[in-house]
Amino acid sequence: MSALRELYQQVIIDHGRHPRNHGIVENATHSHHGYNPLCGDKLNLTINIQDEIIQDVKFIGSGCAISIASASLMTEILRGKKIDHVHELFQQVHQLLTGHCENPEQLGKLSVLSGVAEFPARVKCATLSWHTLNAALAQSDSPVSTE
Ligand code: ZN
């Protein structure tokens, strides 16, 4: 295993064990649930958006380390971001997770998830938080399921 890969793995394990922004945003303007039946990962995302900017975002999740780490990393990266920018970020993350990202470094911390591309069954674990985010932003009524 390369040193870089090992570092990535450590970051994922750390976020999986000690998720950042775990909890509920009290004054949430947007929220949604997500479920990945393939693995059993569950997620509840709450977000406070003011003036098109994500002020606060938290999640409560249960499931595998990849799903928790991905949600934890996502919440860290989203704070202070314009919602316009989220769609672009989602595209980049999707490319990263499917091994089609030209330069993962531009995704900063999220680049640690690049190793997931080698495990196609895990891609849905890692994208669950992002699908849930999209549904929350769209204020969709339908449940998010990766199936
Ligand atoms: Zn999972």
Side-chain angles (χ1 to χ4, degrees), residues 1-26 28-49 54-81 83 85-147:
M1 193 187 287
S2 75
L4 187 64
R5 180 53 46 82
E6 206 161 315
L7 173 74
Y8 283 180
Q9 203 134 351
Q10 278 171 14
V11 174
I12 291 172
I13 290 167
D14 177 47
H15 276 264
R17 282 189 188 149
H18 310 286
R20 320 301 198 263
N21 305 309
H22 199 254
I24 294 172
V25 175
E26 295 295 338
T29 54
H30 296 66
S31 67
H32 219 283
H33 290 275
Y35 177 50
N36 173 18
L38 286 179
C39 180
D41 309 315
K42 286 182 188 161
L43 195 72
N44 175 25
L45 195 66
T46 48
I47 315 168
N48 179 271
I49 297 171
I54 295 174
Q55 307 288 340
D56 201 4
V57 49
K58 291 184 181 176
F59 78 101
I60 291 179
S62 62
C64 68
I66 299 276
S67 72
I68 302 293
S70 175
S72 173
L73 287 158
M74 182 186 81
T75 57
E76 279 205 317
I77 222 125
L78 286 179
R79 192 161 292 148
K81 286 272 189 306
I83 53 172
H85 191 56
V86 168
H87 185 68
E88 193 187 324
L89 259 178
F90 178 76
Q91 298 296 331
Q92 290 173 346
V93 168
H94 199 262
Q95 285 172 355
L96 179 78
L97 293 170
T98 51
H100 297 106
C101 189
E102 309 254 302
N103 76 67
E105 297 75 30
Q106 72 183 10
L107 279 167
K109 262 187 193 173
L110 290 176
S111 61
V112 301
L113 294 169
S114 60
V116 174
E118 288 168 38
F119 307 95
R122 290 283 174 212
V123 171
K124 287 180 174 176
C125 301
T127 49
L128 176 65
S129 51
W130 290 88
H131 285 299
T132 309
L133 171 69
N134 270 352
L137 293 180
Q139 300 190 302
S140 155
D141 288 331
S142 33
V144 170
S145 170
T146 53
E147 270 303 81

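Each ligand, and each atom within it, is numbered from 1 in the order the structure gives. The structure displayed is predicted, hence computed values, not measured ones.
- The ring pair (Phe, Tyr, Trp, His ring centres under 6.0 Å) pairs that include a residue from residues 120-147 are F90-H131, where partners are two or more places apart or lie in different chains.
- Contact detail for T46 and S31: the closest heavy-atom pair is CG2-CB, 3.8 Å.
- D56 is linked by a side chain to side chain donor-acceptor pair (under 3.5 Å) to R79, counting only residues two or more places apart in sequence or in another chain.
- Taking distances strictly below 2.8 Å, the protein N/O/S atoms close to the Zn ion (ligand 1) are C39 SG, D41 OD1, D41 OD2, C64 SG, C125 SG.
- The residues D14 and R20 are annotated as salt-bridged, a charged nitrogen and a carboxylate oxygen being separated by less than 4.0 angstrom.
- Not a single donor-acceptor pair under 3.5 Å links the side chain of N44 to the backbone N or O of I60.
- Applying the salt bridge (Lys or Arg N to Asp or Glu O under 4.0 Å) test to residues at least two apart or on different chains, the pairs with a partner in residues 108-121 are R5-E118, E76-K109.
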